[in-house]
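In what follows, every chain begins at residue 1, and chains take the letters A, B, ... in the order their sequences are listed.
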Amino acid sequence: MQYHFNDIEAKWQKYWAEHKTFQAKNQSEKPKYYVLDMFPYPSGAGLHVGHPLGYIASDIYARYKRHKGFNVLHPQGYDSFGLPAEQYAIQTGQHPAITTETNIATYRRQLDQIGFSFDWSREVRTSNPEYYKWTQWIFVQLFNSWFNNDSGKAEDISTLETIFSAEGNTTVNAVCDDNIEPFTAEAWHSFSSEQKQDVLLQYRLTYLAETEVNWCPALGTVLANDEIVNGVSERGGHTVVRKKMTQWSMRISAYAERLLQGLNTIDWTDSLKESQRNWIGKSVGASVTFNVKGHDDKIDVFTTRPDTIFGVNFMTLAPEHELVAKIVTAEQKADVEAYIEKTAKRSERERMADVKTISGVFTGAYAEHPFTKEPVAIWIGDYVLASYGTGAVMAVPCGDQRDYDFANHFGITIPNIFEGVDISETAFGEKGKTKLMNSDFLNGLAYKEASKKAIEALEAIGQGEGKTNYRLRDAVFSRQRYWGEPFPVYYVNGKPQMIAMEHLPIRLPEVEKYLPTETGEPPLGRADVWAWDTELNTVVSNEKINNTTVFPLELNTMPGWAGSSWYFFRYMEEASKRGDAFASEDALNYWESVDLYIGGSEHATGHLLYSRFWVKFLKDRGFVNIEEPFKKLINQGMILGTSAFVYREEGTNTYLSHGLIEGKSVSPIHVKVQYVNASDELDIEGLKTDGEFGEDFKDAEFILEDGVYKVGREVEKMSKSKYNVVNPDQICAEYGADSLRLYEMFLGPLEQAKPWNTAGITGVHGFLKKLWKLYIGEESVNVTDAEPTKDNLKTLHKTIKKVEDDIENFSFNTSVSTFMIAVNEFNAQKCVSKAVLEPFLVLLSPYAPHIAEELWSQLGNLESISEAPFPEFDGSHLVESSKVYPISFNGKMRFTLELSLDLGKGEIEKIVMAHEKTQDQLQGRTPKKVIVVPGKIINIVG
RNA sequence: GCAGAAAUGGUGGAAUUGGUAGACACGUUGGACUUAAAAUCCAAUGGGUAGUAAUGCCCGUGCGGGUUCAAGUCCCGCUUUCUGUACCA
């Protein structure tokens, strides 16, 4: 009988589905284990070979845990709101819901054929109204909450109102807007309802605020920093302007300290925790207020070096700082405006990365040093970002390299405040390495004492205080898009009102086109039925808006991270019981949190931070009992694609083969990798008749070398736009899912990025054929009840140990080698013993479940292998009596010698020294030293 | 610029605690089987060098130093690549 993998795989996939083999139960005698993948966005390109890498790893772990006796929850779903479906809708008019539905069907088929042990009964889709109902509900909870710094927790907004009516806001220690006006209890009572709403909005955990965005009028959308190149949109090259917009924001900054501290309690890689720490960016220092000379205005700065306050002799504002226009002098106005215009064209990212170009302009205005009252020149420079801190920096050129370079470039003097330090070449940035001078009352003090004293002095004159600053900014939560969760919000006189829980979900309205409106409103501005009737409690036609009972609804939608910030809770509830809570208390208490989470590192600071924020919030409000959602997290490395290029000679329609481009002016153009064979030769006919790009190449001339057109190759991120996507379907059809699973693991360490290359897949496929032949002969099963030999048991137990260790350490690539070695050994031993070959299948089953199930049943088992207990390791089978010692001379191995492990150091040395090969090596010399490490090595020095 | 990760044969990678570098595969070469091909099986395969051969010697884990009886592994200094990025004031 032959190994017919297609039949076997289809058979067992059907079996698992029919028998609900992997459906998790919310009650069990077994301990629970929750294994989760980052759910995919169902793109039109379908699943590529990079997606399954993490899914295979988590599936191996989930199956392993089942063998180890755990009640495993291993669900999957779709992050199904997103831009590509919307973009497609804009181009074709097709509703994104339809595109999404089609794409999900493709993903499901592709995932099913790989044989994952997902519990599909618990599937979630973020774009499903029954799901986003609860996303909207969480938003309302955030709106109805404020963060009390005294308790360190979010509380219901009503507790804040109680405080306001009893004692005003001066005693409240809350996370809130910066520009809060103090008021008394009496004043609170005298406020109108609208005034009260305005005040409360300054405290709510989600709030409306003016935020600066990159606005592209031609596209009618807001762009991310990396979508802007040289001040124009990457797509289409349209101008981009900075524009202020009123948007929903989330007060994630309230949780900065808890997000930071929580990292110490979870089992994530140090590198990932480090990037979250950097993102949160806690720094301890002081805020300092500078008065502007000749104006009433003040400039606040934050500094980590209050000790260097006497080294300040200028300051720099971000070009977009609101004071710039106000304080600039007439003589400098033209220069300043020209500079601001130039800066406006650079993205934040560009400004950050470019440190070589020093640029800036003097405003002509001066601030006043808080202690010396000396004038401090106010400059603007684009290395200061408006969105970070206060958008202003006090410059200490002798103590900060960037300030030093800036001063040097513009001929500003650099006063020295460090005792015994030469600052003629470079700034001195080391804290506490010397004492201060030229610093008045700080003279002779080191960093720590000086900082303390400086802060005390600033506080005494009311021009500063000690402060802890976080880099983490509040997160903008509005998107000017169609395909996202609508806000459950309507506006009365411009004040946002929440729609009550019992009326949710507020479903996305129908629109004619998915573009922004001509007046620049988001796509929902095109909806005709998009108003809220407060009497009928339903969405009604816009014509009925009367602003007394019927009001306009919010036009923005929520960002992609809304739905993905809590989906792991939704899986906890059995689908049939998903009633009137986002998950029942029982389900939440049973599954608690995700035990193992696997996904890409690109989500390190987005999704993983927002999820942690929402979980902490939900805990504060009593909806969940956990502080951290993901106990252990592994990042799988990116699978890179090998892109292919053709080279068009500049200004022609002629393409040169890769070997001919030297010295020519050519532009490389991506071509689809399916038209390129393993020898980098291009299928020109295929390219010319391609449905998508054939037209572009129809009349092109291809210049060949040695009769073929050779493409250039480059390893890049696998992406639809680079035309290097490789699809798993063909591999499943040609080699089977088990081969794909083994091969993806065999490629290398899970966490390392690696280019995809199918060249080696025949190796793992050949292994599976060998394995099959070990169990199944020409006519019948080979396996017998024969007693296992010593060697059989040795191979088995060696393999048990190695595979178990590998899985626990997420080192799946080395397990595959171990299986190959074991099968090679069993073959050499002519092993037929069921006592050895049966448990071996359990070891293999997490990796190659279909063939393991088939052989398991061929051996006469009637139940699925998936719950079979993992074999117990017995070390007694591995005990050795002798060791082949490497004999080294001066650290170089010269020959080996087999010796009993019972021998002591002295005996070993005696035998080795007496050996004829030793004497050959020494050639009469007397060794200075002989190192003997029993069981390891012998090294003779001399 | 900053942060994190990485660099080992023609290729993917292994060496888990400092102890025989290159496991396991791919590829390549030679052989068996076959009318032939595919499939399968066997053998060789880091580079150089001496020898008919058995075998031996030299070099070798990005580069330069160091610690050690012994370094891919530890320390110091660099280079390159990948990923992320908000000049961390």
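Judged as a side chain to side chain contact (heavy atoms under 4.5 Å, CB included), and not counting sequence neighbours, the contacts of A:Leu53 are A:Gln636, A:Ile639, A:Glu744, A:Met745, A:Leu750, A:Lys754. For A:Glu751, the salt bridge (charged side-chain N to carboxylate O under 4.0 Å, His left out) test picks out no residue, with sequence neighbours left out. Shown here are the ring pair (Phe, Tyr, Trp, His ring centres under 6.0 Å) partners of A:Tyr847, two or more places apart in sequence or in another chain: A:Phe819. Remark: A:His369 pairs with A:Phe310 by the ring pair (Phe, Tyr, Trp, His ring centres under 6.0 Å) rule, at least two apart or across chains. Under the salt bridge (charged side-chain N to carboxylate O under 4.0 Å, His left out) criterion, A:Arg277 pairs with A:Glu274, not counting sequence neighbours. For A:Glu257, the salt bridge (charged side-chain N to carboxylate O under 4.0 Å, His left out) criterion is met by A:Lys282, not counting sequence neighbours. The ring pair (Phe, Tyr, Trp, His ring centres under 6.0 Å) test applied to A:Phe826 returns A:Phe840, not counting sequence neighbours. Qualifying ring pair (Phe, Tyr, Trp, His ring centres under 6.0 Å) partners for A:Trp756, counting only residues two or more places apart in sequence or in other chains: A:Tyr743.
One finds no side-chain N or O of A:Lys754 lying less than 4.0 angstrom from the OP1 or OP2 phosphate oxygen of B:G12. When the side-chain nitrogen and oxygen atoms of A:Asn824 are compared with OP1 and OP2 of B:A25, one or more of them lie within a distance under 4.0 Å. A sub-4.0 Å separation between OP1 or OP2 of B:U20 and a side-chain N or O of A:Thr896 is absent. Side-chain nitrogen and oxygen atoms of A:Lys769 include none within less than 4.0 Å of the OP1 or OP2 phosphate oxygen of B:A39.
Among the atoms of the strands shown, only primed sugar atoms or phosphate atoms (P, OP1, OP2) are found under 4.0 Å from some heavy atom of A:Thr814.
Within residues 738-746 of chain A, the residues having any heavy atom closer than 4.0 Å to RNA chain B are, in order of number, A:Phe746.
Here side chain to side chain donor-acceptor pair (under 3.5 Å) pairs that include residues 766-776 of chain A, with residues two or more places apart or in two chains, are A:Lys770-A:Asn824.
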*Give the dot-bracket string for RNA chain B, reading 5' to 3', where a pair is Watson-Crick or G-U wobble with both distances under 3.5 Å, ( ) marks pairs inside the strand, [ ] marks pairs crossing earlier ones, | marks a partner on another strand, and . marks unpaired.*
(((((((..(((......[....)))((((((.......))))))(((((....)))))..(((((..]....))))))))))))....
Each nucleotide N or O in nucleotides 53-60 of chain B that has a protein N or O under 3.5 Å away: list the pair and distance.
residue: B:C58; atom: OP2; partner: A:Arg894; partner atom: NH1; Å: 3.4
residue: B:C58; atom: OP2; partner: A:Arg894; partner atom: NH2; Å: 3.4

